[in-house]
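This report concerns only the one structure given below.
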Amino acid sequence: MAQNDWVRIFREKIQGLGLSDSWWIEFDNNINIAQPGWENYIRNTFARFHCSQCRHTWASAQVPVMFHMKLDASQGSGIVKVRCCKQECKKCPTPILEQPQISSDNITVLMDKLMLKIRKKCYKENVEENATGFIIAGKLDGPHESRHCEGCQLGICSRRGDSNS
């Protein structure tokens, strides 16, 4: 996951809103529950994973991405913090959490949806959700396995507690 792609796409999308406030985006692997004054948005996306231990690869359409956003109107600025949930390899005896590889196309879809949330939650605009879907590239490897999903461990995954886990 190239953070510069996220920053570039975010900047393009936020500029397209024509806001007078300056916004920036940063990655924060420590965010979980939104703190007072912050708005929270969680969206699942499609991603690929590569195990750094055994080189196994897999795909998942259940990868939670957590956004925390805050507008400081008095300063004319806003910030979005992002956390992409990781997954463990199901083939390794002692797996580690691996970073998701999210395509630029799916980052763009996430950013489009985020822009609507910024307008709705930070600017109180009445906006319609868009139905743009994520691009699933490749074969999915079976049911979601909660024990290998960081989002499930954090209690934010929409699939947590699945009987197939």
ask   = Please walk me through it: do Asp105 and Ser103 pass side-chain hydrogen bond (donor to acceptor under 3.5 Å, both in side chains)?
value = CA-CA 5 Å; Asp105 289 337; Ser103 71; 5.1 Å; no
query = Rounded to the nearest 0.5 Å, how far apart are CD of Gln153 and CD of Gln87?
reply = 10.0 Å
message = Once rounded to the nearest 0.5 Å, what's the spacing between atom CD1 of Ile107 and atom CG of Leu114?
response = 12.5 Å
query = Is the backbone N or O of Thr94 less than 3.5 Å from a side-chain atom of Gln53, with the two atoms forming a donor-acceptor pair by type?
reply = yes
key: Cys85 to Ile156 - nearest heavy-atom pair and separation   = SG-CD1, 3.7 Å
message = Check this for me: does any side-chain nitrogen of one of Asp112 and Lys13 sit under 4.0 Å from a carboxylate oxygen of the other?
response = yes
key: Same cluster (ILVMFWY, side-chain, under 4.5 Å), Ile79 and Val7   = no
Reported SG-to-CG distance for the pair Cys84 and Asn29, which is rounded to 0.5 angstrom = 8.0 Å
query = Can you check whether Thr57 reaches Arg48 side chain to side chain, under 4.5 Å on heavy atoms?
reply = yes
request  = Please check if atom CZ in Arg11 has more than 12 non-hydrogen atoms from other residues, nucleotides or ligands closer than 6.0 Å.
outcome  = no
ask   = Is a side-chain donor or acceptor of Asn106 paired with a backbone partner of Ile135 at a separation under 3.5 angstrom?
value = yes
key: Interatomic spacing from CZ in Phe67 to CH2 in Trp38 - rounded to 0.5 Å   = 13.5 Å
ask   = Which heavy atom in Tyr41 sits nearest to a heavy atom in Lys113, and how many Å separate them?
value = OH-CB, 3.3 Å
message = Counting the benzene-type ring for Trp, do Phe27 and Trp6 have ring centres under 6.0 Å apart?
response = yes
request  = I would like to know whether His68 and Val80 meet side-chain contact (heavy atoms from CB on, under 4.5 Å); could you show each step before the answer?
outcome  = CA-CA 6 Å; His68 287 185; Val80 174; over 6 Å; no
Point-to-point distance, once rounded to the nearest 0.5 Å, from CZ of Phe49 to NE2 of His56 = 11.0 Å
key: Value rounded to 0.5 Å, distance of CG in Leu97 from SG in Cys149   = 9.0 Å
key: Val65 with Ile14, same ILVMFWY side-chain cluster at under 4.5 Å   = yes
key: Leu71-Leu17 co-clustered via ILVMFWY side chain contacts under 4.5 Å   = yes
message = Quick check: do Lys117 and Glu39 have side-chain heavy atoms less than 4.5 Å from each other?
response = no
ask   = Can you find a heavy atom in the side chain of Phe46 that is under 4.5 Å from one in the side chain of Ile102?
value = no
query = Of all heavy-atom pairs between Gly37 and Lys70, which one has the smallest distance, and what is that distance?
reply = O-CG, 3.5 Å
inquiry  = Please determine whether a side-chain nitrogen of the Lys or Arg among Glu150 and Arg83 lies less than 4.0 Å from a carboxylate oxygen of the Asp or Glu.
reply    = yes
ask   = Do the side chains of Lys81 and Glu26 get nearer than 4.5 Å, heavy atoms only?
value = yes
task = Go through the steps for Ser52 and Glu98 under the test side-chain contact (heavy atoms from CB on, under 4.5 Å), then give the verdict.
result = CA-CA 7 Å; Ser52 58; Glu98 303 290 351; 2.8 Å; yes
ask   = Do Trp23 and Leu116 sit in the same hydrophobic cluster, where Ile, Leu, Val, Met, Phe, Trp and Tyr count as joined when their side-chain heavy atoms come under 4.5 Å apart?
value = no
ask   = Step by step, would you call Ser77 with Trp24 a side-chain contact (heavy atoms from CB on, under 4.5 Å)?
value = CA-CA 8 Å; Ser77 65; Trp24 72 93; 3.7 Å; yes
ask   = Is the closest basic N to carboxylate O distance between Glu145 and Lys90 below 4.0 Å?
value = yes
task = Before giving the answer on side-chain contact (heavy atoms from CB on, under 4.5 Å), spell out for Ser22 and Gln75 the whole-Å C-alpha distance, their side-chain angles and the decisive distance to 0.1 Å.
result = CA-CA 9 Å; Ser22 299; Gln75 296 294 316; over 6 Å; no
ask   = Distance-only, no hydrogens or angles: does the Gln62 side chain make a donor-acceptor pair with backbone N or O of Asn44 under 3.5 Å?
value = no
inquiry  = Treating Lys121 as the side-chain partner and Asn40 as the backbone partner, does any N or O pair qualify as donor plus acceptor under 3.5 Å?
reply    = yes
inquiry  = What I'd like to find out is whether the side chain of Pro95 reaches to under 4.5 Å of the side chain of Cys51, using heavy atoms alone.
reply    = no
ask   = Are Val109 and Ile25 co-members of a hydrophobic cluster defined by side-chain heavy atoms under 4.5 Å apart?
value = yes
Contact summary for Val63 and Ala47, nearest pair of heavy atoms = CG2-CB, 3.8 Å
